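Accompanying notes for the structure given below.
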Amino acid sequence: MMSRKQRIDLGESSREASTNKRSKCETPNNINPWTGAPYSARYLSILETRQTLPVYLFRDNLVEAVKNNQIVVVEGQTGSGKTTQIPQFILEAGFVTPGETSIACTQPRRVAATSIAQRVAEEMDVELGQEVGYTIRFEDVSDPVKTVLKYVTDGMLLREAMSDPLLKRYSCIVLDEAHERTLSTDVLMGLLMEVLPKRIPGSKYGELKVVIMSATLDAEKFQEYFHGAPLMKVPGRTHPVEVFYTSKPEANYVEAAVRTTMHIHECEGPGDILVFLTGEQEIEQACEEMREKAGAMGKDLPELVVYPLYSSLPPQQQRKIFERAPLPRVPGGPSGRKVVVSTNIAETSLTIDGIVYVVDPGFSKQKVYNPRIRVESLLVSPISRASARQRAGRAGRTRPGKCFRLYTEKSFHEDLQETTYPEILRSKMSNVVLTLKKLGIDDLVHFDFMDPPAPETLMRALELLNYLGALDDEGELTDLGYQMSELPLDPQLSKLIITSPEFGCSAEIVSIVACLSVPQVFMRPREAAKAADAAKAQFSHPDSDHITMLNVYAAYEAIPDRDRRQWCWDNFVNDRAMQNAYNVRQQLLGIMRKLDLPLVSSDRKGDGSFAFTDIRRALTAGMFMHVAYRQRSGDYLTAKDNQLVALHPSSVVISRPDWVLFEEFALTTRNFIRTVTVTNIDWLVSMAPHYFDLENFPECEAKAELEQAYARLAHSRRKT
DNA sequence: GAGCACTGC
């Protein structure tokens, strides 16, 4: 289709006009049309502030554009007010029928969905959860009838779409932060491409309007994708940031970051510093060096406090970054300075006020997917120019700032990519494919992805789902596949849950799966490593990290609520992780009930004695595509893919068994497999003969074993 | 005998 590009520009005169018109239609009387109650004084004062937002000037044009087009793209910089205002404009312009349809505005993160909903409820002078609400996993603060504007995580809207593929409940979808290109946003965009032609004016469920909001310059790419939908540009409100580059490349970016930070502290005026590094280890190391150097600089300089920031840090330590910089050493002297050394979490998820200086070495850890060996891993990689601009922008939130890039200007222009590859090009597609099949998309090859994943990646996903029995040989969703799509898990874990009742241990498997879907169950602080290992040893089962997790979870659940925190602390167990695992488990139990999957425990006496062999067999039935075997040389090789791997040193399995199944492939200093359980070849061939078929099994040491196992299997079948 | 970017359902 030919692309029809439009651009809505506003001259000064039209701004005047729209401002004048606004005041008349805004408050015809002082009654809130949503509640029928008089507006509060607070509403009127918030309204004044709202009207100073840059986006306010674009109100009439936006409403006009939405009226005349099914899709509108909005490019709005940070501070434009687009996220809070645009859904309200659409609402006020009458694009919803209360009680029948509403607006959904998606956000990539939960905190954003909840806090923005809270803010907008205040602005509209309504109670949160009534006319304005939010829905995130585990929490639905909305009313099925009354809510006309709902903020949701993008993943949540995708879940909703699985039971309502035409999105009948909505007359308008606002996709916010589309430039972040999360997996869910990308799938939603593709889905909208399918749905929009079925939701035109006069169609059964009425017209569906879509507003795509992006904060970066690639809004034109969205315009292109949506067949030339009109693009509206809303300016933001930020301060200028001066950018500096190094004259030659830095050999060691951590050392350079420390040096630059100390230089800023010595030579630059007041203002806090934000330093971007890639991971926990690097960050802790840099923090130590900075503290050391600041100590050595003596008392002539103002005090420097250094805070690390990464997501696995406990919340109370994360909150420290918001503390004010230290006071001057002497009354009237220069005030102290705060340095926050952070992962990418400070690039989008967390905003720290008062940052004036940004140090950007130009790297971050990024997920990459290698379809050839079916492995997702994290790699330290150069960031994109878009990401570098976003980082620099963090220096200009409260006043003009400076950004120090630890690479050359030439490198910025010539070596960095313009934008980061969207997540969909860096992930395995097994879950996405299952979702799309559930959404009724049959032809995946021609599905209109904004950036289509590599064909090999899609093939791998189809192959995996076929091996798991979720898709038949024609690529149609099977009954098992339907059940799997209901579970918010990776397909292999879904399969594990669904088959676990057959092994008489679904209660245990659902606990294990809940633990696997939260990060970091075991804590191991460097200074208390021995004590932590001893604590873990109490729970460990020599044949299985999975069962070790189950033992911890079972012990945790047996502790009364009020003692759990202390118990976790005493046993080096991550309290937050266990609470999350509990929530996940409850959700999974609910879905199991819905799917009529029986909850059976292998602990038949109820005294905590689980049938470990049954559990290991159930794990084998779900995870047969993730196994490795020991070669005569002593090294482990993954079955079929022939990848050389090592058991991770954190594993409780130290007996060097012949066959193991594993949860995770971690490419770090070596190729490690993490979270492993002992299995055996006889189970594998009897449970997954279609995967361990001799014909397609590559020549390797295991092949002879495989043949023997099949012979044993045939022999035992003849006997019975 | 070593490590864990970040989200999300």
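The structure presented is a predicted model; accordingly, all values stated were derived computationally and were not measured. Here is how names work: the chains are called A, B, and so on, in the same order as the sequence lines, proteins then strands, and each is numbered from 1.
For S349(A) and dC6(B), the shortest distance from a side-chain N or O to OP1 or OP2 is not below 4.0 Å. Contact annotation: S650(A) does not reach the phosphate of dG1(B) (side-chain N/O to OP1 or OP2, under 4.0 Å). Between dT7(B) and R137(A), no contact under 4.0 Å exists linking OP1 or OP2 to a side-chain N or O.
Taking atom CG of L379(A) as the reference point, atom C1' of dC6(B) lies 15 Å away to the nearest angstrom. Between the CG atom of L439(A) and the P atom of dC9(B) there is a distance of 16 Å, given to the nearest Å. The CG-C1' distance, from D154(A) to dT7(B), rounds to 9 Å in whole Å.
Applying the salt bridge (charged side-chain N to carboxylate O under 4.0 Å, His left out) test to every pair with at least one member in residues 490-499 of chain A, sequence neighbours left out, gives these pairs: K428(A)-D490(A).
Across all strands, L378(A) comes closer than 4.0 Å to base atoms (heavy-atom distances). Looking at heavy-atom distances under 4.0 Å, E280(A) makes contact with a base.
Comparing dG8(B), dC9(B), dC6(B) by their closest approach to the side chain of T343(A) singles out dC6(B). With dG1(B), dC9(B), dG3(B) as the candidates, the nucleotide lying closest to the side chain of P649(A) is dG1(B).
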Acceptor/donor pairs from residues 655-662 of chain A side chains to any protein atom, 3.5 angstrom cut, sequence neighbours excluded:
residue : atom : partner : partner atom : Å
R656(A) : NH2  : G634(A) : O            : 2.5
D658(A) : OD1  : R630(A) : NH2          : 2.8
W659(A) : NE1  : E705(A) : OE1          : 3.1

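Two residues, E664(A) and L489(A), neighbour DNA chain B, and the one matched to the more 5' nucleotide by heavy-atom proximity is E664(A).
Annotation: cation-pi pair K536(A)/F522(A) present, NZ/CZ under 6.0 Å from the ring centroid and within 45° of its normal.
Other residues, nucleotides and ligands contribute at most 12 non-hydrogen atoms within 6.0 Å of the CD atom of Q281(A).
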